[in-house]
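This report concerns only the one structure given below.
Everything numeric here is computed off the predicted structure, so don't read it as measured data. Note: hydrogens, waters and symmetry copies are ignored here, and every other heavy atom, side chains too, is used.
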Amino acid sequence: GVHALLYPFVRRRTSPLLDLEWHISTRNDLTPRLIIGSAIFGVGWGMGGFCPGPGVVSLVTGDLRAVTFVVTMVFGMLVFIGIERMVNQRS
């Protein structure tokens, strides 16, 4: 919401405050891979009750929910890497 409201005002500037030029993606393609990955990410985030950054930071509390979230998040990343390697080897 904050981004949607402030983005038009920020873009009126000739350059960003802390850089010399804007770095804005020009891609606008939606692929099934992106949509499915986003859905899986959102469901995992919702089920776990953490977003990745705060989940990792919450590890220091020793809360079993945070530990479970981070362990399953890393497991999911490793599964993704394995699937990507298998797909790339076949092509």
- Item | Apart from V71 itself, residues in the same hydrophobic cluster as defined by side-chain heavy atoms under 4.5 Å |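 Traced through the cluster, V71 reaches F50, V56, L59, V67, F69, V70, M73, V74, M77, L78.
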Excluding V43, membership of its hydrophobic cluster (Ile, Leu, Val, Met, Phe, Trp, Tyr; side-chain heavy atoms within less than 4.5 Å) reads M47
Minimum-distance pair of heavy atoms, taken over all atoms of A4 and P8: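 Minimum heavy-atom contact is O-CD, 3.5 Å.
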Between G55 and A66 the two heavy atoms that sit nearest each other are O-CB, 4.2 Å
Joint cluster assignment, F75 & F80, ILVMFWY side-chain distance < 4.5 Å: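 Different clusters: F75 never reaches F80 through Ile, Leu, Val, Met, Phe, Trp or Tyr contacts under 4.5 Å.
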* To do: Look at the rings of W45 and F41 and say which category their plane angle falls in: under 30° parallel, 30 to 60° tilted, over 60° perpendicular.
  => perpendicular
Atom pairs and distances, side-chain donor-acceptor, residues 10-19, under 3.5 Å, sequence neighbours left out:
| unit_1 | atom_1 | unit_2 | atom_2 | d |
| --- | --- | --- | --- | --- |
| R13 | NE | S15 | O | 3.3 |
| D19 | OD2 | H23 | NE2 | 2.8 |

**Request:** Count the heavy atoms of every other residue, nucleotide or ligand shown that sit under 6.0 Å from CD1 of I24, and state whether that count exceeds 12.
**Result:**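 Yes, because the 6.0 Å sphere around CD1 of I24 holds more than 12 heavy atoms from other groups.
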